[in-house]
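Before any comments, here is the structure.
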Amino acid sequence: MAGYKPVAIQTYPILGEKITQDTLYWNNYKTPVQIKEFGAVSKVDFSPQPPYNYAVTASSRIHIYGRYSQEPIKTFSRFKDTAYCATFRQDGRLLVAGSEDGGVQLFDISGRAPLRQFEGHTKAVHTVDFTADKYHVVSGADDYTVKLWDIPNSKEILTFKEHSDYVRCGCASKLNPDLFITGSYDHTVKMFDARTNTSVLSVEHGQPVESVLLFPSGGLLVSAGGRYVKVWDMLKGGQLLVSLKNHHKTVTCLCLSSSGQRLLSGSLDRKVKVYSTTAYKVVHSFDYAASILSLALAHEDETIVVGMTNGILSVKHRKSEAKKESLPRRRRPAYRTFIKGKNYMKQRDDILINRPAKKHLELYDRDLKHFRISKALDRVLDPTCTIKTPEITVSIIKELNRRGVLANALAGRDEKEISHVLNFLIRHLSQPRFAPVLINAAEIIIDIYLPVIGQSPVVDKKFLLLQGLVEKEIDYQRELLETLGMMDMLFATMRRKEGTSVLEHTSDGFPENKKIES
Amino acid sequence: MVEEENIRVVRCGGSELNFRRAVFSADSKYIFCVSGDFVKVYSTVTEECVHILHGHRNLVTGIQLNPNNHLQLYSSSLDGTIKLWDYIDGILIKTFTVGCKLHALFTVAQAEDSVFAIVNKEKPDIFQLVSVKLPKSSSQEVEAKELSFVLDYINQSPKCIAFGNEGVYVAAVREFYLSVYFFKKKTTSRFTLSSSRNKKHAKNNFTCVACHPTEDCIASGHMDGKIRLWRNFYDDKKYTYTCLHWHHDMVMDLAFSVTGTSLLSGGRESVLVEWRDATEKNKEFLPRLGATIEHISVSPAGDLFCTSHSDNKIIIIHRNLEASAVIQGLVKDRSIFTGLMIDPRTKALVLNGKPGHLQFYSLQSDKQLYNLDIIQQEYINDYGLIQIELTKAAFGCFGNWLATVEQRQEKETELELQMKLWMYNKKTQGFILNTKINMPHEDCITALCFCNAEKSEQPTLVTASKDGYFKVWILTDDSDIYKKAVGWTCDFVGSYHKYQATNCCFSEDGSLLAVSFEEIVTIWDSITWELKCTFCQRAGKIRHLCFGRLTCSKYLLGATENGILCCWNLLSCALEWNAKLNVRVMEPDPNSENIAAISQSSVGSDLFVFKPSEPRPLYIQKGISREEVQWGVFVPRDVPESFTSEAYQWLNRSQFYFLTKSQSLLTFSTKSPEEKLTPTSKQLLAEESLPTTPFYFILGKHRQLQDEKLNETLENELVQLPLTENIPAVSELLHTPAHVLPSAAFLCSMFVNSLLLSKETKSAKEIPEDVDMEEEKESEDSDEENDFIEKVQDTNNTGLGEDIIHQLSKSEEKELRKFRKIDYSWIAAL
């Protein structure tokens, strides 16, 4: 009637992090490469064009690294003071950076000396960006102003003085050449339009804004400041969509994954969190050694670069896809065998009979189906199975016990085979989830092989090991019980006290009770 | 309307189908099997029961096709009669009264007017095979007292007798010997297994025997799993036998195929083995049939086999060893741990079924709906194996959730326990496993209950266990951004002085939970899980616990092992009343305040129905069963009954079913068994016997009614039968070819009008004599005008309707006319 039912393999809950497609994706990076910079890494920016070099701003230098190079392939070091926010243009050929002395400098990637210098800010320029038309640069500075510069004649076009505190972050829209956004320590994020010379939108973040990010579509704005990451809907006039509080220190940097499906935020609490941009839930989190100041993702999430306060740049590359083509492929049936009969149209009187789906059985199941019990046990006692999936081995032992044939399956083994079994027992006997099944198996083995003990030194050694293990476990359990007893006693005395205090309270009133507490 | 009768205990449904070998009809369209006092006729294709042949007054013990007329069936019964049936129409043709208990029946084609039966005449355990001569007589009741003795000291089971080679000899086995009786020579040869005394072969008793249909060859099955093929048994000295051995346990039954080329055998392994050419090499298997094979039979046409199983199932197997149909009754193979439950959705009875399954059994149609595989593991049917048992199950939240507990305990300390929670999926119309909890408790779970309050926002489940704890499980949201999911988690663990928790029960509104800890009942608030109060009566461990319902919801009932039934008032927290009653089963009625309790005494079981507010029972029925009643359940009725008598009012809205220790399912009913016949089987009966013509659908119903016995309500319709049939407008409409008919819209009003009774007939009530005249005239008219319809009736050779009309006395006719007035006045008023 019904087909063979495969053995139910006991599944155990995996403690800690759940395995999801996100954890798999974000864990699929190689061990990080650490590069020491001269000071805190304040900005990392990837070139949008191949070969996807990235610019690292640290102290008074800007280093450009190649994708796999550990040494900078280029350095811009002609800053008198700390440089800030080295940013690539969309074509990857120009680089702009602000500096502590209030200057904004534009570099050609191939050159060394600055192409243009925009003078006008009186204080440190912490944020610069190219507008979408590539011919203008936006800068924000500690003198509370935001300026728009023209690249060809290096002139200031507009100045916005709407912020009332340092302007520390900003970004230009990727679609509209006239729109850009700045965030300031006055807790506001403002959107400016170059055509109107005033801000068109202002949202209140609530904390000094450390980083802002516009979604590629321009519809959503993300701002980070304090412990919060807030998402604003620009199309609804800056309505707060969601407020995320997942860090326990200031969030310093934001970044979108290349697909736009995930948002990453780095914080001084040394964590990078990955959010889903549909549900705004944390789906993954990375830990780093120091407080994070800057964060960037390469094209296709190939590389994660994180800059930290201790001047360490951590670069993680994605693991290359496993090579599948290594094995010589078996000859498959021709394509036409698969499409055979597929285009046959069902006639009116035809009755469609589905071929019964063939159930795939594991090899041990196939053995059990044919009552080859010893063979099934051999199969799951194979080291590849016992190390990787001990629960399968235990489930099969349990199933054999249920069928009442465990003793038969364990009997009649030679030295090598019995040592396999004993190895497995020694390794897993003390695990509480396997213990009930394995203790039973161990008893059966001892019963069977008691008469032949002493004939093989290898097996004897294993038996002694097992004995030691059991004794250790018994000692351990006894200790645990003692601890439990002590704890019980403590709890009992605590409860007694509580009870008396309540009694006092009811009988004598409030002051008495206070006395007992003190 | 229902006449007050005495409530009787009625066996309902789920009778054994596997008591004797099933028999195929000659064309393999039907299969017959004995089922208690009835013979059931099933279709081999649709698995549907087409007829129930009832007439025997005791257990039916044997059925055989009439070798002279393959449309007839003989059946024998413990009531001492052999009955001959026309199985296509389901009619009893003849009854032969033999006069002594018949234990089995055999027919042989060569012995024309006699059949063979197993009887025990003198001593209770000595059985004889006798030949019964069936006298030819036209009357329905015939005495058949002419018995001639064939074999003595035989086994009671018909499996141990076989007629061979066209009735030349009969083989019988018993314990360690095989005896063969030759009819021609009238001699018996007896063969004893040579090694039967030998200790090594101590288990080779005979269990069954089969004879080759054409050759002189006897196959015998043995206790140790061997099959022996005996040849040359004409000679006491030169006989030989060969051995076939595959079964590792007792061979339960053997059967040769029609041509004799292959031998079928089955046993506890639940594997049907086909031995080709009687050799050990050529064998085919049909494994995993679910339960021990009890009987094997082969259709006379040779295209089908069937196996009867110990779990009350018949599997029809195609010749190429492919199961083609399953006829499944109520599974009664094993002990019932889960008790009786009602699935709130299908209203089906739910209890332990096949090993590891829950069966859903429809009480209305006496048919298993489906099996739900709970344990989901390969079932090895072997003696002495400790299986995983499904011990507890409960439905919750109006059938949306099902909780099941399975356990396996090999030794005291080694307990495997698993709780599974199943969610009902509307799309697939079935239960899907949602949560699996390993070792929910440290010890056996004693009780399981859902909070079934209507307004509860969160499904809640409580389990009580012998480890001294009760646990509250709640449904929590387990969804993340990848998928939506719900799962069950433990919310609260409660205990009371380390006593074993024995029962748990939610109040009707779900606000209180009662948990009994051995002798003590504790009441917990279901929101804060605070202990509210405790009740203790020092009257033994609490066996059952339930809250009152509706107006009696302030009462809590507890039955203890010392035979005390206590009722506590939850408002005053005091004992309201108690009674000395050794309660075995206590079940609240979901539709009323009533509670049914079944008590156990040395004589038998008694039923008490009471309301918790009053210690005096509403209804008492003594001696409902000789054995211990294990489980009971109230099943809500689809259509409420209207018993007016106070004592029977408790049966109005629900029906009470109970299961005894020998696993017979019983209920209370006032109806006679004929009335209980389900309408579907009647319909099938008509459909089988009438040819399908266009008029069949119009006439079929009337004809079916004519076939019924004189029954008041039916007579009523019978009388006005001619009325509808001989209206000229109708007959014209039906006889005119379609292409000359005017449009349907034109005809409609005429047609409808013609069906209505005219005012004239209505006014006729003042002068009854005249109506009589008219009536007769009308019926005469019908003879002349509507002979086509008459013809149809004639061909079906019933004519009963006519007879009935003529047989009616005047006074009866008056009665009937009154009925007609009542029934049809409303149509005229339309």
Side-chain angles (χ1 to χ4, degrees), chain A residues 1-13 17-25 261-262 274-284 356 361 364-366 368-371 373 376 391 395-396 398-406 432-441 443-444, chain B residues 248 269-272 285-291 307 309 311 313 315 317 322-326 328 354-357 371 373 375-388 406 408 410-411 413-418 420 433 435-439 478-484 487 489:
Chain A
M1 296 305 295
Y4 174 81
K5 288 176 201 158
V7 179
I9 302 299
Q10 191 71 53
T11 50
Y12 295 94
E17 207 175 9
K18 250 194 209 165
I19 293 177
T20 60
Q21 60 213 48
D22 270 296
T23 55
L24 289 177
Y25 184 81
Q261 300 282 313
R262 299 286 179 264
V274 184
Y275 307 88
S276 146
T277 54
T278 45
Y280 292 105
K281 294 261 165 61
V282 176
V283 294
H284 191 69
L361 288 180
Y364 53 81
D365 265 329
R366 249 178 258 179
L368 282 179
K369 186 181 172 186
H370 292 107
F371 293 85
I373 45 170
E391 64 269 14
S395 295
I396 295 295
K398 196 172 162 186
E399 169 73 11
L400 291 174
N401 186 37
R402 189 176 73 88
R403 290 182 175 205
V405 291
L406 183 57
R433 54 186 185 168
F434 298 145
V437 179
L438 293 186
I439 286 171
N440 182 28
E443 280 171 358
I444 292 175
Chain B
H248 78 267
E269 303 88 354
S270 339
V271 180
L272 182 70
F285 303 102
L286 180 61
R288 280 182 278 283
L289 291 174
T307 51
H309 295 262
D311 62 351
K313 163 174 77 178
I315 301 183
I317 296 162
E322 264 176 32
S324 69
V326 181
Q328 173 82 65
K354 291 198 293 185
H357 291 65
N371 267 308
D373 189 357
I375 291 177
Q376 299 181 327
Q377 284 199 20
E378 182 76 358
Y379 175 67
I380 309 285
N381 190 4
D382 204 350
Y383 181 75
L385 271 191
I386 299 157
Q387 306 284 359
I388 304 177
E406 60 205 54
R408 177 175 183 274
E410 196 155 349
K411 293 174 212 153
T413 51
E414 290 170 21
L415 178 76
E416 290 167 31
L417 202 60
Q418 205 165 49
K420 283 176 180 166
L433 184 61
T435 308
K436 194 155 75 172
I437 300 163
N438 257 333
M439 295 303 284
D478 195 23
S479 51
D480 49 20
I481 63 159
Y482 309 103
K483 61 178 197 304
K484 284 217 151 142
T489 49

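Below, chain A is the first sequence line, B the second, and so on; all start at residue 1. Values in this document were obtained by computation on a predicted structure and should not be read as measured data.
Counting heavy-atom pairs under 4.5 Å between each of B:Arg408, B:Gln376, B:Glu414 and chain A puts B:Arg408 at the top. Interface remark: of the candidates A:Thr278, A:Asn401, A:Ile439, A:Asn401 forms the most heavy-atom pairs closer than 4.5 Å to chain B. Interface summary for chain B: among A:Thr11, A:Asp22, A:Val283, the most heavy-atom pairs under 4.5 angstrom belong to A:Asp22.
Proximity of B:Gln418 to A:Gln10: side-chain heavy atoms (C-beta onward) are separated by under 4.5 Å at one or more points. Inter-residue side-chain proximity for A:Arg433 and B:Asn438 is flagged as unmet; no heavy-atom pair is nearer than 4.5 Å. In this structure the side chain of B:Glu378 never reaches within 4.5 angstrom of the side chain of A:Lys369, judged on heavy atoms.
Contacts of A:Phe371 with chain B are made by side-chain atoms alone, with heavy-atom separations under 4.5 Å and no backbone atom involved. For B:Ile380, the part sitting under 4.5 Å from any heavy atom of chain A is the side chain, from C-beta outward, and nothing else. Neither the backbone nor the side chain of B:Ile375 comes within less than 4.5 Å of any heavy atom of chain A.
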Does the side chain to side chain contact (heavy atoms under 4.5 Å, CB included) test come out yes or no for A:Arg402 and B:Glu416, once each step is laid out?
CA-CA 11 Å; A:Arg402 189 176 73 88; B:Glu416 290 167 31; 5.9 Å; no

